[in-house]
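Counting convention: from 1, in listed order, for ligands and their atoms alike. In this text the structure is predicted, and so the values were computed from the model without any measurement.
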Amino acid sequence: MLNSQEENGGPYKASIPLDQATNPAADVLLAYEMNGEVLNRDHGYPLRVIVPGVIGARSVKWLDRIDIIEEESQGFFMQKDYKMFPPSVDWDNIDWSTRKPQMDFPVQCAICSLEDTNVLKKGEVIVAGYAVSGGGRGIERVDISVDGGKTWLEASRCQKSDVPYVSCDVTSDKWAWVFFKAVVDITEDSTIIAKAVDSSANVQPERVETIWNLRGILNTSWHRIRLQIAP
Ligand SMILES: Nc1nc2c(c(=O)[nH]1)N[C@H]1C(S)=C(S)[C@@H](COP(=O)(O)O)O[C@H]1N2
Ligand SMILES: [Mo]
């Protein structure tokens, strides 16, 4: 049957354990609004699932049906896509059944205020972005380096973008993005780095090479921005 499989645009499936779906502390939602507005089409109008702390692939959009089943979903994106394999596994020897579907996501952060192509004047530069961790592990800290990782300073953190960073309550919502910000002084071409630490003391890995996996998922290595300073 053409196009009936989910990887070809057929109905999308995912499952989570019943325990999690029904545990009030897991905060799993069926959402019809986002930020006080009706959910838009791309985010799943009229109704979608939100499974906080879990990779996006398990939060089914344009929800049609919920089944209570004995085994995890056998859908394509549960069984043959979002799984992490060790470095020795390639497309010739992969056995999808040997690994579980990815659920919680690891700690990560991204710098959003700067881009690689930026050419700036000498002086103060704002390094700001977001950090988040999975599994209900909040963000403990975001470290910033302006010398390629030799020395670090701690960014300030905030969860509501309209609250000034200085007065922000740092006991953060464990599911949501945490915004970070640091003001640094840049005098020469520099590599700016951000790395986050979560409440379980997990830290982002330095380089993608050390966490390479066949499917290319969960690349949470340090976010680096190369800045040029105008002569
Ligand atoms: N019905 C349906 N739901 C889906 C998907 C999809 O292709 N179809 N993609 C999933 C994946 S892989 C992700 S990352 C999230 C993205 O949600 P967003 O567009 O609101 O960020 O939706 C998930 N839910
Ligand atoms: Mo995704």
Side-chain angles (χ1 to χ4, degrees), residues 1-18 20-22 26-69 71-85 89 91 94 96-97 99-112 129-139 159-161 172-180 196 198 202 204-205 208 211-221 223:
M1 277 190 296
L2 196 65
N3 283 341
S4 66
Q5 294 301 305
E6 46 183 340
E7 64 273 32
N8 295 320
Y12 186 93
K13 300 172 202 152
S15 66
I16 57 171
L18 190 59
Q20 185 176 4
T22 57
D27 288 327
V28 177
L29 301 177
L30 298 183
Y32 51 86
E33 285 182 348
M34 181 165 73
N35 299 334
E37 284 172 27
V38 173
L39 209 55
N40 69 30
R41 181 198 63 180
D42 289 355
H43 286 307
Y45 175 89
L47 191 66
R48 74 169 301 168
V49 182
I50 295 287
V51 188
V54 166
I55 64 164
R58 313 305 174 214
S59 287
V60 176
K61 301 191 276 190
W62 313 292
L63 188 64
D64 179 49
R65 209 171 77 220
I66 299 173
D67 297 330
I68 298 175
I69 52 178
E71 286 187 324
E72 73 188 15
S73 165
Q74 295 302 300
F76 179 88
F77 296 101
M78 285 289 287
Q79 301 304 332
K80 298 212 161 168
D81 195 7
Y82 293 101
K83 291 187 177 183
M84 188 179 194
F85 287 88
V89 171
W91 291 117
I94 190 166
W96 287 98
S97 70
R99 299 283 151 180
K100 292 207 254 321
Q102 187 66 37
M103 298 304 270
D104 292 356
F105 53 82
V107 60
Q108 57 188 311
C109 73
I111 299 167
C112 305
Y130 70 89
V132 69
S133 190
R137 291 175 292 278
I139 294 299
Q159 257 187 335
K160 290 202 175 78
S161 49
S172 65
D173 178 313
K174 59 186 183 174
W175 306 121
W177 286 11
V178 171
F179 301 106
F180 67 84
D198 73 16
N202 296 307
Q204 292 175 249
V208 63
I211 52 168
W212 183 89
N213 66 96
L214 184 63
R215 180 53 185 75
I217 62 169
L218 308 171
N219 174 11
T220 55
S221 57
H223 192 193

Apply side-chain contact (heavy atoms from CB on, under 4.5 Å) to Glu7 and Asp81, showing your working. CA-CA 10 Å; Glu7 64 273 32; Asp81 195 7; over 6 Å; no
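- Closer than 4.0 angstrom to ligand 1 sit non-hydrogen atoms from Tyr12, Asp42, His43, Arg48, Gly56, Ala57, Ser59, Val60, Lys61, Trp62, Tyr82.
- At distances below 3.5 Å, at least one donor-acceptor pair connects side-chain atoms of Glu6 with backbone N or O atoms of Lys13.
- When the shell of 6.0 Å around CD of Glu33 is examined, it contains more than 12 heavy atoms from other residues, nucleotides or ligands.
- Side-chain atoms of Trp177 do not come within 3.5 Å of backbone N or O of Cys109 as any donor-acceptor pair.
- Here the side chain of Arg58 pairs no donor or acceptor atom with the backbone of Met103 at under 3.5 angstrom.
- For the ring-ring contact (aromatic ring centres under 6.0 Å, His included) test, no residue two or more places apart in sequence or in another chain qualifies with Tyr82.
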